[in-house]
Amino acid sequence: MSALSLHAENLSLGYNGHPVLSGVNLEARAGEILVIVGASGCGKSTLLRAFAGLLPVTTGALRAGGAPITGPSRDRALIFQDDALLPWRNARRNVELALALRGVPRARRRTEALSWLTRVGLGEQGDRLPRELSGGMRQRVQLARTLAAEPRAILMDEPFGALDAQTRATMQRLLLDVLADAPATVVFVTHDMEEARLLGDRVVRLTPSGVAELKEEVA
Ligand SMILES: Nc1ncnc2c1ncn2[C@@H]1O[C@H](COP(=O)(O)OP(=O)(O)OP(=O)(O)O)[C@@H](O)[C@H]1O
């Protein structure tokens, strides 16, 4: 599956009549890592949720691969700070679910899930339930599950925020390695300029009314 471009055109969004974004234009080109930085509360998570198809668009348009976004899709995965693992499934079976949805035959799922968990440093923790894992471990399971699903676009909302520096560096490297094999478009929100510089093909700063390119500034 090829990477999916993402487009926001003159997008305005808000909650209960309170505007958050107004008239935002933004494009993530197919296969690039677009990093979004911006002040707390400026609407970064809101924009990602909109790309994920979780917020109704009232003004403007959102497109994925040129087609209007009308709701969630397996093509567009969202990873946010609070993990969304199924609490009654252990780590391995959470990853297996993504493989099942991708159509991987049952006989191969267990081994493949364990190999993903090993890549995020949790090869020994496959039998643990989410509540038996630390916050950072749950984030890594979530990353494994998302990458295993091979989405065409990945929306990442400070996915490595709760990790220690070394684990964070390992996960950044893993993300780049996986994308080299299975290209996807990534929209990555972070407050960490070092992370932005490392991961971003482009870095933009979001404000309520638009985006400014930053790559030159941070290079
Ligand atoms: N579900 C919601 N209902 C009402 N208001 C919300 C909701 N979610 C976010 N907001 C408001 O929308 C604005 C943008 O929030 P958002 O989470 O998108 O910002 P952000 O840029 O991701 O911030 P941060 O960097 O702190 O995570 C904030 O003023 C926030 O209070």
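Start at 1 and go down the list; that is how both ligands and their atoms are numbered. Scope of the values below: all heavy atoms of this structure, side chains included, with no hydrogens, waters or symmetry mates.
Remark: side-chain polar atoms of R49 are not paired, donor with acceptor, to backbone N or O of L55 under 3.5 angstrom.
Residues R168 and R173 fail the side-chain proximity criterion, which asks for heavy atoms closer than 4.5 Å.
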Problem set entry | Step-by-step side chain to side chain contact (heavy atoms under 4.5 Å, CB included) determination, Y15 to V20 | CA-CA 7 Å; Y15 299 97; V20 174; 3.7 Å; yes
Exercise. Where do L206 and V37 land on the side chain to side chain contact (heavy atoms under 4.5 Å, CB included) test, with the steps shown first?
Worked result: CA-CA 6 Å; L206 183 68; V37 299; over 6 Å; no
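Applying the 4.0 Å criterion to heavy atoms of K44 picks out, from ligand 1, the atoms 18 (O), 19 (O), 20 (P), 21 (O), 22 (O), 23 (O), 24 (P), 25 (O). Close approach of ligand 1 to V20 is summarised as follows: ligand atoms under 4.0 Å from at least one heavy atom of the residue are 12 (O), 13 (C), 14 (C). Near H191, meaning under 4.0 Å from one of its heavy atoms, ligand 1 places the atoms 25 (O).
Protein heavy atom at the shortest distance from atom 28 (C) of ligand 1 is G41 O, 3.8 Å. Here the heavy atom of the protein found nearest to atom 15 (O) of ligand 1 is T46 OG1, 3.8 Å.
Counting only heavy atoms, the protein gets under 4.0 Å from atom 9 (C) of ligand 1. In this structure, atom 31 (O) of ligand 1 has its sub-4.0 angstrom surroundings free of protein heavy atoms.
Atom CG of L34 and atom CG of L6 lie 9.0 Å apart (nearest 0.5 Å).
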